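Predicted, not measured: the structure shown is a model, and the values here were computed from it. Note: hydrogens, waters and symmetry copies are ignored here, and every other heavy atom, side chains too, is used.
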Amino acid sequence: CKDVIMSAGAEKDFDPHQQPLPDFKELILRLSDKGGLVVDLTMGTGTTLIAAMQLGRRAWGCDKDAAMVEKAKTRMVELGLVGPAELTNK
């Protein structure tokens, strides 16, 4: 069925609830346009935002767990998606 995305496996490098990046890339490709805004209100370690940025989308996220937000920021900087000065806590 082409409406079902089979999981590529479990990536748990940063968080026990982390989701596989390839799965989220597939969702973002199907559900958004290049240059569009992807919002994740429970961003955790940022997998959705990372996938969005890698696919040419703008990304905005937040999470109630400040430690998860810091992990997401670290991942984005390490992947070269943003510089440290581009990240804010607003």
Can you measure from [atom1] ([X]) to [atom2] ([Y]) and round to the nearest 0.5 angstrom?
X     : Y     : atom1 : atom2 : result
Leu55 : Asp33 : CG    : CG    : 12.0 Å
Met43 : Lys73 : CE    : NZ    : 8.0 Å
Phe24 : Leu31 : CZ    : CG    : 11.0 Å

Side chain to side chain contact (heavy atoms under 4.5 Å, CB included) involving [X] - partner list, sequence neighbours excluded:
X     : result
Val77 : Val82, Pro84, Leu87
Ala52 : Ile28, Val38, Arg57, Ala59
Leu37 : Val39, Arg58, Trp60

Legend entry - Side-chain touch Ile50/Met76, heavy atoms, less than 4.5 angstrom: yes

Inset, instruction - Using a 4.5 Å cut-off on heavy atoms from C-beta on, say whether the side chain of Leu81 contacts that of Gln54. - result: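 With C-beta onward as the side chain, the pair touches.
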
Write down the atom of [X], the atom of [Y], and the distance for their closest heavy-atom approach.
X     : Y     : value
Thr42 : Asp63 : C-OD2, 3.4 Å
Arg75 : Thr45 : NH1-O, 2.9 Å
Lys25 : Ala51 : CG-CB, 3.7 Å

Inset, instruction - Give a yes or no on whether the backbone of Gly61 and the side-chain of Asp40 come within a donor-acceptor separation of less than 3.5 Å. - result: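 Absent.
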
